[in-house]
Amino acid sequence: MNERSWRQHWRQVRWLACACVGAVLFAWSTSATGQAPPAASAEQSEPKEHSELDATVQAPFRAAPAERGSQARTFVVRLAYPDAGRVHAVRWTLTLSGPGPQGAVLRRWSGTEQVGASERSVRLAWDGRADADARERRARVPDGLYQLRLLAVADAGTPQEAQVEQQWQIQVRRGRGAPLQVPAFQAGLQQLPSLGGQADYRIVYANLHSQTRHSDGGAPLDACHGAQEPQTAPFGPIDAYKYAQDHGLDALLTSEHNHMYDGSDGTNSAAVPAEAKALYQTGLAEAAAYSAAHPGFLALYGMEWGVINKGGHLNIFNSEQLLGWERNAQGELLADVETPKSDYAALYALMRERGWLGQFNHPAFAGQFLVHGQPLGYTPDGDAAMVLCEVMNTSAFSTNDEETETRRSNYEAACNRALAAGYHVAFSSNQDNHCANWGAAYGNRTAVLVAGQQAGAGATGTPPFLTRDSFLEALRARRVFATMDKHAQLLFTANGKLMGERFDNHGPLQLSTHFSNSAGRQAAAIAIFHGVPGANGSVTPIADQAEVTVTPAPGPHFYYARLTQDDGNLVWSAPIWVNQLP
């Protein structure tokens, strides 16, 4: 029997034994289990997952060397809408504004494309000039950072979430210029200095959003063309953890779609509840066993709950039970705990009760996570349970394994909406991998500050700092920054309090940003943003320097830093929440 046949044989054997969790403990190098699922019901009226509008813009941060004088470059708008094979008219507008985040609109491009499952690309040449009025039409724009905003909206009759907003930056610089001065901590050092007597922290670079064959991921790169039919691809969680560890990640979450444990993207009327629940338990056991066998790497297993259409995806990091709403032909629940579909208020209440932590996945600015009809609607339960909001993702269906994927999405506007509603969420940056390139599509990571060993503690016999409990504790504390560069290190404080904290304050507030990059990248720009939690208002930049002192008005506030590297990659701190006392 050759190695491939041997691996296939063991996948089938382990599927038959999946109800016995202990059977996975000796299976370190094999793939996750699974047999071909029962035939799906013909009644699948709901749209399939990942059938939403996808719109991105590829914008070179700098002009090509040959164009440095004119600053000319080409933007590429990419559109796809894999909605059951239908074609939609998608209206798009791309605006260029600046310099600076509050600058005027200088150029505008727009059009309508007939878009289906196959990607359509629109190339837009920019000559480096503004066209604010006829007299200035030929004027070159001055040096600075400029904002590109893409808005794409599908035709009438599509869901409200069938609109996408993307924002990126480009730089115009004709000379070398002086780099932005940002205080640094020691480049390349993963242990942060102690902050005011607090514990030392280690930066853990994680990818907290991915799929395997347990749902609709796990396809080999040469055969991956989007989401897979559930439980049909060859690679499972063990493969994903090994791949991520081999590619330098410190932690990986495999987050499987909660409604695909019946082996279907719809509802499988022939599914057996015990098999669905046992598969989820197998995933939990494999993650725990892999972590135990590989100290220094954290394997996590959870679920991506919800649907895109009239819903929204969120990850639950630490549930020991499978949640769901689907039933088979006998009326049996295909999960451990029933959770009504798209009822986010009820889900948040359950999560808070059970101590489960969540992440808003690729949130749309409108039409998702509805509570009382409000997108990203606030509840105290949701505020307690939701700890992260994805601010940036690479393409879910990327087959790139060299960290050079150009299809990237930005969700800062939606995350700001959640913050303004009152949510205490930190930013995260993940890859939503559906192909077998876990963490390798791009260099983006969710960076988590996990409490390390006490200074001076001996290494012998000391338990590893990176455990499931220590990691979850860091998420609860929102000690997180989101980065498009795995070498970046960012620290944001307010009067010495670490990002993620909430505290009362009297008098002035000193906001400080520290940044380093172990690969030598430098800061090109920084913006410190301010908003009022619960006011549902705007989130606006208040400073373009690494350090600033403000005296807030009495009441609640939040602040965060967004740093732009000299290659265009962005790094976001977690917010700091301040209650300013009179």
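Quantities reported herein were computed from a predicted structural model and do not represent experimental measurements. The analysis underlying the following values was restricted to heavy atoms, covering all of them including side chains, and did not include hydrogens, waters or symmetry mates.
- The residue from Gln228, His225, Gln211 that alone fulfils the side chain to side chain contact (heavy atoms under 4.5 Å, CB included) condition with His434 is Gln211.
- Donor-acceptor pairing under 3.5 Å is recorded for the side chains of Glu49 and His259.
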Which atom pairs, one a donor and one an acceptor, fall under 3.5 Å between side chains of residues 464-473 and the rest of the protein, sequence neighbours left out?
unit_1, atom_1, unit_2, atom_2, d
Thr467, OG1, Ser470, N, 3.0
Thr467, OG1, Ser470, OG, 3.2
Arg468, NH2, Glu320, OE2, 3.3
Ser470, OG, Phe465, O, 2.7
Ser470, OG, Thr467, N, 2.9
Ser470, OG, Thr467, O, 3.1
Glu473, OE1, Arg479, NH2, 2.8
Glu473, OE2, Arg479, NH1, 3.3

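- By the side-chain contact (heavy atoms from CB on, under 4.5 Å) test, Ala335 pairs with Leu322, Leu333, sequence neighbours left out.
- Listed by chain and number, the residues in a side-chain contact (heavy atoms from CB on, under 4.5 Å) with Val122 are Val77, Trp92, Glu113, Leu124 (sequence neighbours excluded).
- For residues 243-302, no pair satisfies disulfide (SG to SG under 2.5 Å), with sequence neighbours left out.
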- Task: Apply side-chain hydrogen bond (donor to acceptor under 3.5 Å, both in side chains) to Arg78 and Thr406, showing your working.
- Result: CA-CA 10 Å; Arg78 293 174 167 174; Thr406 58; 3.0 Å; yes

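- Taking the six-membered ring where the residue is Trp, His313 and His362 present perpendicular rings, their angle passing 60° and hence far from 30°.
- With hydrogens and angles left out, the side-chain atoms of His209 and Gln359 include no donor and acceptor closer than 3.5 Å.
- When the shell of 6.0 Å around CD of Glu402 is examined, it contains 12 or fewer heavy atoms from other residues, nucleotides or ligands.
- For the 3.5 Å distance criterion, the side chains of Gln321 and Arg354 qualify, holding a donor opposite an acceptor.
- The pair Lys341-Glu326 fails the salt-bridge criterion, with no side-chain N (NZ, NE, NH1 or NH2) lying under 4.0 Å from an Asp/Glu carboxylate O.
- Across Thr56 and Arg408, no two heavy atoms sit closer than the pair CG2-O, 3.5 Å.
- Electrostatic pairing of Glu165 and Arg417 does not count as a salt bridge here, judged by no charged N lying under 4.0 Å from a carboxylate O.
- Checked against side-chain contact (heavy atoms from CB on, under 4.5 Å), Ala441 has the following partners two or more places apart in sequence or in another chain: Thr394, Ser398, Glu405, Gln431, Asn433, Asn437.
- Taking the six-membered ring for Trp and thresholds of 30 and 60 degrees, Tyr261 and Tyr280 have ring planes more than 60 degrees apart, a perpendicular arrangement.
- His487 and Asn517 form no side-chain donor-acceptor contact under 3.5 Å, judged by distance and modelled atom types alone.
- Ring geometry, Tyr344 versus Trp305: the interplanar angle exceeds 60°, so the pair is classed perpendicular (tilted spans 30 to 60°).
- Judged as a disulfide (SG to SG under 2.5 Å), the pairs with a partner in residues 203-310 (not counting sequence neighbours) are, in order, Cys224-Cys435.
- With no hydrogens or angles considered, a side-chain donor-acceptor pair links Asn361 and Asn315 at under 3.5 Å.
- Side-chain contact of Asn430 with Thr446: a donor-acceptor pair under 3.5 Å is present, judged by distance alone.
- A tilted orientation is assigned to the rings of Phe427 and Trp572, their planes being inclined by 30° to 60°.
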